[in-house]
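Okay, structure first, notes after.
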Amino acid sequence: MKLATWNVNSLKVRLPQVLAWLAAHTPDALCLQETKTEDSKFPLAEIEAAGYHASFSGQKTYNGVAILTRQPVTAAAHGIPGFDDPQKRVTAATVNGVRIVCAYVPNGESVESDKYRYKLEWLDALTAWLRAEMAQHPSLALLGDFNIAPEDRDVHDPQAWAGKVLCSDAERAAFVRLTGLGLQDSFRLFEQPEKSFTWWDYRMQAFRRKMGLRIDHILASAALAGRCTSCSIDTEPRRHERPSDHAPVIAEFA
DNA sequence: ATGGCTTGAGTGTCAAGA
């Protein structure tokens, strides 16, 4: 079973790249973030023509998440129960016996921002909900754009980023609370190249200069992590014309 | 150096991303 996540930064702009990527990699599930598309305008026909089902929760301009699957899903649900939030950042569905949770964690803007406080509250709500979700679903994967670089090795210049949003102690502690639920960072189950990142700023030729962060993750519950045979970042789409600023992450399970 | 790109909205130019 192959699971993947990709922040596409507009599904409308990136749809040709997403369809090509599905054809090339044939994941069982691909989680998308920043679709920036309201549900009535979701490109369902094109995705179905590519042989995929879609479960999605979007809005105009900002945010928006989707799960594309080869098989039909069950128990599709949107949002964090009990956490009233107009921002469409979570969708979940069960496929092939695995509970898939697709998340677009708030960016936070800066540690001084109200958006940063919202980010930490949002992460608390996500963690509390996932504790319950994991009790119901032993095989669970949390995939998405976490907007957190968990460790210094996930940052091109740890000194420059020290204490800044995406790298602050409080955000990293929130990530540790998530893994503390029993979710393992699939990427770190394996030996990985140095300077492995999933996001590079569009500006200053950051990708070419390897100035990135690893902020997109695939976390797997113990039952699922035990079946994980690989996890990698596909930097190929980042080289395309009109790329997303994020690269897809892929994990395979026996 | 608060710049540097990209997208969406909407048609001039700003918010938001990370």
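Below, all heavy atoms of this structure are taken into account, side chains as well, without hydrogens, waters or symmetry copies. Residue numbering restarts at 1 for every chain, and letters A, B, ... go by the order of the sequence lines.
- The residue F146(A) sits apart from the nucleic acid: no heavy atom pair falls under 4.0 Å.
- Defined by atom type and a distance below 3.5 Å, a donor-acceptor pair is missing between the side-chain atoms of R14(A) and Q17(A).
- Distance, Y202(A) OH to dA18(B) C1': 11 Å, rounded to whole Å.
- Rounded to whole Å, the separation between the C1' atoms of dA15(B) and dG10(B) comes to 14 Å.
- We find that CG of N107(A) is positioned 18 Å from P of dT6(B), with the value rounded to whole Å.
- In this structure, T61(A) and Q87(A) both approach DNA chain B, and ranking their closest nucleotides by distance from the 5' end singles out T61(A).
- As a whole-Å value, the separation of D145(A) CG from dA16(B) C1' is 13 Å.
- Within the 6.0 Å centre-distance limit, the rings of H217(A) and F175(A) are counted as a close aromatic pair.
- Between R14(A) and dT7(B), a side-chain N or O to OP1/OP2 separation shorter than 4.0 Å is present.
- The distance between atom CG of D245(A) and atom C1' of dT7(B), rounded to the nearest whole Å, is 10 Å.
- Between N9(A) and dT6(B) there is no side-chain N or O to OP1 or OP2 distance below 4.0 Å.
- Looking at which nucleotide of DNA chain B each of K36(A) and Q205(A) is closest to, the 5′-most match is held by Q205(A).
- Side-chain contact check for Y116(A) and S168(A): at least one donor-acceptor pair (N or O, by modelled atom type) lies under 3.5 Å.
- The interatomic distance linking D201(A) (CG) with dT2(B) (P) rounds to 16 Å, in whole Å.
- Under the 30°/60° scheme for interplanar angles, the aromatic rings of W200(A) and F197(A) are found to stand perpendicular.
- Here the P atom of nucleotide dT6(B) and the CE atom of M204(A) are 14 Å apart, to the nearest Å.
- An OP1 or OP2 oxygen of dA16(B) is reached within less than 4.0 angstrom by a side-chain nitrogen or oxygen of K115(A).
- Comparing the P positions of dT13(B) and dT2(B) gives a spacing of 23 Å, expressed to the nearest Å.
- Listed nucleotides: dT7(B), dA18(B), dA9(B). Nearest to the side chain of R203(A): dA18(B).
- At dA18(B), one or more side-chain N or O atoms of N7(A) fall inside 4.0 Å of OP1 or OP2 (strictly under the cut-off).
- Remark: C1' of dA18(B) and CD of E171(A) are 11 Å apart, rounded to the nearest angstrom.
- Between dG12(B) and dA1(B), the distance separating the two C1' atoms is 27 Å to the nearest Å.
- Ranking dA9(B), dA18(B), dT7(B) by closeness to the K60(A) side chain, first place goes to dA9(B).
- On the C1' atoms, dT7(B) is 16 Å away from dT11(B), given to the nearest whole Å.
- Using a 4.5 Å heavy-atom cutoff, the side chains of P106(A) and R89(A) are in contact.
- Regarding contacts with the backbone of dG8(B), a side-chain N or O of S10(A) is found under 4.0 angstrom from either OP1 or OP2.
- Contact between the side-chain N/O atoms of H246(A) and the OP1/OP2 oxygens of dG17(B) is not found at any separation under 4.0 Å.
- Counting to the nearest Å, the P atom of dG8(B) and the NZ atom of K12(A) are 6 Å from each other.
- Using a 4.0 Å cut-off between charged nitrogen and carboxylate oxygen, R99(A) and E133(A) count as a salt-bridge pair.
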